[in-house]
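Every heavy atom of this structure was used, including side-chain atoms; hydrogens, water molecules and symmetry mates were not. First the proteins, then the strands, lettered A, B, ... as listed; each starts at 1.
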Amino acid sequence: MTELALPPALVMVLGAFLLPFLHNKARRRLLLGLPLLTLLLVWLVPEQAGLRIPLLGLELSPAHATAEGRLFATVFALMAAVGGLYALGSGARTLELVAAYVYAGSAIGVTFAGDLLTLFIFWELMAIGSTAVIFAANTEAAGRAAFRYLLVHLLGGVVLMAGIIAHWTATGSLAVETLEANTLGTVLILIGILVNAGAPPLSAWIADAYPEASPERHRVPVRVHHQDRGVRAAGCSRHRGPDLDRPVHGLLRNHLRAARKRHAPHPGVLDRQPGRLHGLRVGIGTEMALNGAAAHAFAHIIYKALLLMSAGSVLLMTGKRKCTDLGGLFQSMPRDGHARHHRRARDLRLSVHVRLRDQVTGDPGRPPTKACCGLDAAARRLRRRLPACRHQVSVVRVLSEGLGPAPAGAAGGDALGHVAVLVPSASRWASSHSRSMRSCPIRSTTSPTRSSTWSPSSSCCCSAGFAFFVLLSQMRRTLTISLDFDWFYRKFLHQLADEFTLRTARARAELEDRAYSRVRALLANLYKHHGPHGILARSSPTGSMVLWVALMLGCTLLLYIF
Amino acid sequence: LVVLAMEPGMSPHMDWDALRMVLALALPLVGALGIWAAGRRPDLREGVTLVTASLLFLVVASLVPAVLAGARPELVLAEPFPGITIGFRLEPLGMLFAGVASLLWPINSIYSIGYMRGNAEQHQTRFYVFFAIALFATMGIAFAANLFTLFLFYELLTLSTYPLVTHKGNDTARSGGRVYLGILIATSIGLLLPAIIWTWALTGSTEFIPGGLLANIGGALPPAMLGLLLFMFMYGIGKAALMPVHRWLPAAMVAPTPVSALLHAVAVVKAGVFTVVKVIVYIFGVETLQGLPAAELLLYVAGFTIVVASVIALRQDNLKRRLAYSTVSQLSYVVLGAALLAPLSLIGAALHIAAHAFGKITLFFAAGAIYTAAHKTEVSQLRGIGWRMPWTMSAFAIGSLSMIGVPPAAGFISKWYMLGGAFDTGQFIAIGVIVLSTLLNAAYFAPIVFRAFARPAADGPRRPRRGAAAHGDRADGDGGADAGAVPVPPGTPGAGRADARLTRQRHLRRRKDDRAPALALPPREPAQAMGAADPDPGAGAAAGPVPAPPRPLPDARLQAGYAHRLLCLVRLRHLRGHGRGGQDPRHLPEAPGRLLR
């Protein structure tokens with residue numbers, strides 16, 4: 001039996017557009033109440049919701065509840081609520097808030113999409129919202145970053161649309177189901193999702209865009225939605241592709257990228273997790289892998305939100321982006337410092353997901369993947385521990401007297417505190433649920449917490465510790481230039497367009513010159529012969545004309561006679 | 001006309017439908033006469049325009065249920081040559097075209113009233129008369145039952161829009177008009193008419209027949225000849241703006257913005273692509289063209305036009321020219337959809353006519369509002385304009401999204417069907433073109449929106465305040481003196497009260513003129529603002545840049561500061577006295593957009 005349900009995503013998206021018309025108390029109530037209402041609706045949508053919206057001769061299903069969808073939607077709504085709390089009393093502009101709520105609502109729409117067309121519609125709506133959120137920084141750099149962000153997002157979107165249409169024309173179905181990447185449509189769907197989720201090689205756009213956002217933007221930490229909705233969408237379609245290529249590529253790219261990023265509080269940490277999620281979980285494609293992806297994404301959203309809000313507070317209050325400039329910050333903004341420590345602490349609390357991954361990659365037939373994952377774990381620890389230690393030292397050190405600014409408002413502090421509490425709670429919850437697999441998208445009897453999974457993780461920790469002491473002197477950061485795929489759309493395409501314009505303009509001018517010269521020559525020839533002085537048109541004496549006519553008549557007579 | 005509609009054998013229901021079709025044809029013509037008769041009374045004249053446009057929409061809308069129910073009302077007006085008639089038949093594609101044009105005419109008329117009055121355009125009666133005649137021609141094209149009738153109204157549309165394109169009457173307008181008329185007439189006389197005659201010679205008819213008129217002659221015509229005929233039609237229909245016969249469209253951008261909307265959204269280019277679809281479906285027939293190399297070549301030409309026009313649009317700084325090249329690109333979407341020869345793509349092509357019409361008219365209205373209110377014509381000048389005209393630029397952003405094809409905008413639906421058709425026929429080049437052009441569309445529309453909502457520029461006009469004049473544009477620069485009172489753009493709610501605002505604008509200008517020397521002073525040049533502080537008082541009156549004084553004395557600077565504050569105070573009082581929202585500090589000129597702040 002089907003039941004009608006109110007789509008939570010539509011409520012949030014449409015409610016966001018009421019924000020510009022409300023002020024003071026009403027606005028604050030809506031800011032907090034809208035995500036909470038959405039959260040309530042997320043849990044009220046029945047399993048067999050029967051809401052159907054006709055479009056293009058198809059039936060859209062915007063309220064299709066699944067276990068994983070509800071899981072992600074819950075986190076998105078929670079984060080939107082925390083973001084709303086964080087934005088209270090701040091200088092966040094209306095445009096930014098509307099865009100952020102549209103973004104969050106669209107992300108929820110993706111999680112509740114019962115068909116691929118609905119998923120695509122919310123997907124594109126999210127592109128608009130996220131672009132507006134980035135653009136809201138209102139700087140030149142943010143504008144350029146938002147432009148690149150929009151273009152790559154639209155590229156992924158249109159490829160996804162092409163894939164959906166190809167799948168639809170081939171099978172007549174738009175259902176969200178297990179898709180094998182063995183037809184044109186499913187391959188295009190996979191490519192579209194990967195592009196939008198920041199999979200290599202098109203991944204630099206995320207790291208380029210987020211650091212350019214305003215400090216206020218971090219008050220609405222829904223940008224984590226971007227990455228995790230990609231995982232959610234990929235999990236939604238449940239792609240199963242080649243299990244080696246994407247994980248290895250993704251891992252290598254992650255570490256290379258992380259190594260070259262600026263030592264800023266926020267950009268470098270953003271884009272590694274989705275690659276890990278995609279590469280290891282979705283790319284592997286087993287049930288356990290998808291469960292691991294969902295669990296990891298759930299945890300990732302929460303701790304990344306905490307991290308981003310604290311980074312946003314730091315940026316807003318200090319105006320400094322480099323960690324090395326933040327000496328003594330702990331004295332001035334203790335809550336933000338604590339938040340960052342919590343983020344570090346989550347490594348241990350959420351290690352169940354890492355073990356889940358280890359177990360997944362340890363399946364028979366995946367030795368290369370397992371080896372890569374081992375390397376990934378070691379490199380991750382190595383990379384995280386060393387700069388993190390330096391970073392923590394610089395933030396917490398007591399040598400300085402502090403930077404001076406006060407913490408980022410009461411509301412912001414409350415939000416930070418709430419999320420900081422949420423991190424360990426959620427990780428406990430996720431850990432316990434992972435054991436029983438009650439909240440996982442796919443029911444599995446395999447436990448991720450076997451004792452055998454501890455040994456690789458422990459060995460990685462040991463190697464990371466060893467590397468820390470041995471390579472401590474080598475970790476000095478230097479100014480470098482790295483070449484990435486974004487060179488193609490930053491430089492190459494510009495140069496290509498310039499060259500194209502130049503050559504086509506030249507060719508056109510040449511063609512026009514030739515055509516005009518031909519026409520001019522033709523006109524001159526006509527004028528020469530048929531003009532007033534031309535031999536065929538000039539005036540002649542009457543006598544000579546009579547003579548010529550007489551001759552012609554005579555010739556005609558002769559021809560007639562003979 | 002009524003008698004002709006009552007053909008023997010028709011059912012009473014059909015007769016009533018035909019009568020309404022006659023009414024839809026006659027209304028714009030009668031309206032043109034009424035507008036001409038009321039030429040000396042502007043209010044009555046524009047009232048006639050609005051009433052006629054609204055009635056036409058109602059009549060056309062009343063035909064929709066009948067056509068959807070399967071009715072195909074017919075009407076034969078005359079038979080000038082044996083076997084060739086001036087006849088009309090309403091079918092779904094024509095219904096769609098007529099519906100879009102008749103819906104957009106009243107909207108465009110409301111906008112035109114504000115624009116023409118606000119800009120104090122000359123020859124407004126002529127403008128409205130030819131506008132109505134253009135709509136008459138459009139209805140004729142939409143209802144045409146055969147190629148001959150369509151050709152007659154097609155040429156009438158070209159000729160009736162020529163005075164509109166050259167409305168400003170200056171050299172630039174005349175030059176643009178020459179290109180416009182030259183290309184459209186040359187292609188239609190040189191290619192379309194011979195193609196029609198050739199078709200008539202082959203089949204003995206010019207009627208639009210479901211399945212294709214040329215399908216009846218089977219393989220009598222070699223594929224090469226059929227291809228030649230196809231290209232004669234496609235390039236003969238110059239209004240479809242396939243490259244290289246597209247240059248009339250950018251050239252026609254010299255016209256006033258309502259005319260640009262007429263050209264790009266309401267009638268002219270839509271008549272072109274409508275004719276293309278009609279020729280492919282009803283003259284050639286989809287099955288006749290399937291497998292024809294020339295049809296595939298047409299697909300490539302359309303794809304080339306889409307991509308190249310988009311690339312050219314990227315390079316245009318002039319807003320209207322960028323929109324014009326966007327139109328060239330978007331029109332070829334329709335041609336591409338038709339050339340794919342798949343049922344889905346044909347639906348997409350038809351829907352794209354409507355989607356593009358609504359999206360592009362929004363963009364042109366916004367461009368005209370920007371020009372009227374802020375005197376900006378270049379994209380590079382639009383920095384921060386979105387904070388001063390938030391509604392206008394929000395509408396522009398929505399129109400851009402539709403052009404790009406982002407859901408849930410209308411452009412997405414047509415692209416969905418076209419891509420479906422491309423996959424059905426396996427035309428991967430078409431898929432690539434659509435993907436690439438989507439990015440290119442975003443690449444030339446997004447910078448406009450981004451720039452508009454970027455941090456406002458330091459100079460330029462300020463945010464419109466309530467109750468300010470509707471249109472500040474003046475050819476003599478009079479509006480420029482009122483730059484601080486940027487009016488509410490036309491097309492926004494309340495734009496119809498143009499007269500009242502115009503009166504208020506004149507009143508404000510008269511009052512402002514009293515203080516003109518003071519208000520005209522540049523506020524950031526205190527030494528120039530105060531004659532006492534200027535070491536050379538005569539230099540201020542001299543033309544050209546005034547050399548800055550070496551070091552203004554402190555007291556002079558102080559005086560200048562007081563003077564500037566005084567001027568601001570005067571301005572504030574001025575606002576409070578005349579603006580409805582003058583009491584609210586948010587309505588001060590310095591305040592950015594209230595909604596998006």
Heavy-atom proximity to chain A below 4.5 Å, by part of B:Ile404
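Contact with chain A: side chain only.
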Can you say whether B:Val311 sits under 4.5 Å from chain A via the side chain, the backbone, both, or neither, judging by heavy atoms?
side chain
Can you tell me which of [options] forms the most heavy-atom pairs within a distance under 4.5 Å of chain B?
options	result
A:Leu117, A:Leu125, A:Thr131	A:Leu117
A:Gly143, A:Ala166, A:Ala132, A:Ala146	A:Ala166
A:Asp498, A:Thr504, A:Val159	A:Asp498

Could you look at [X] and say if it's the side chain, the backbone, both or neither that has a heavy atom under 4.5 Å from chain B?
X	result
A:Leu19	neither
A:Phe122	neither
A:Leu493	neither

To the closest 0.5 Å, what do you measure between CZ (A:Phe135) and CZ (B:Phe453)?
8.0 Å
Rounded to the nearest 0.5 Å, how far apart are CG of A:Leu151 and OG1 of B:Thr438?
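If we round to the nearest 0.5 Å, A:Leu151:CG and B:Thr438:OG1 are 11.0 Å apart.
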Testing the basics here: between B:Gly420 and A:Thr169, what is the closest heavy-atom pair and its distance to 0.1 Å?
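Scanning both residues completely, I find the closest heavy atoms to be O-CG2, 3.9 Å.
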Would you say that more than 12 heavy atoms from the other residues, nucleotides or ligands in this model lie under 6.0 Å from the CZ of B:Arg315, or not?
yes
Is the A:Trp168 ring parallel, tilted or perpendicular to the B:Trp416 ring (thresholds 30°, 60°)?
tilted
Thinking salt bridges, do B:Lys415 and A:Glu124 make one under a 4.0 Å N-O criterion?
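Looking at A:Glu124 together with B:Lys415, the answer is no, because their closest N to O distance does not fall below 4.0 Å.
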B:Val406 and its side-chain contact (heavy atoms from CB on, under 4.5 Å) partner, picked from A:Leu150, A:Ile121, A:Ile128:
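Passing option: A:Ile128.
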State, with a plain yes or no, whether a side-chain heavy atom of B:Phe423 is found less than 4.5 Å away from one of A:Leu184.
yes
Under a 4.5 Å cutoff for heavy-atom pairs, which residue among B:Leu314, B:Ile312, B:Leu419 has the most contacts with chain A?
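Of B:Leu314, B:Ile312, B:Leu419, B:Leu419 has the most heavy-atom pairs under 4.5 Å with chain A.
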So which residue, B:Pro244, B:Ala397, B:Gly405, B:Pro447, ends up with the most heavy-atom pairs under 4.5 Å with chain A?
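Heavy-atom pairs under 4.5 Å are most numerous for B:Pro447.
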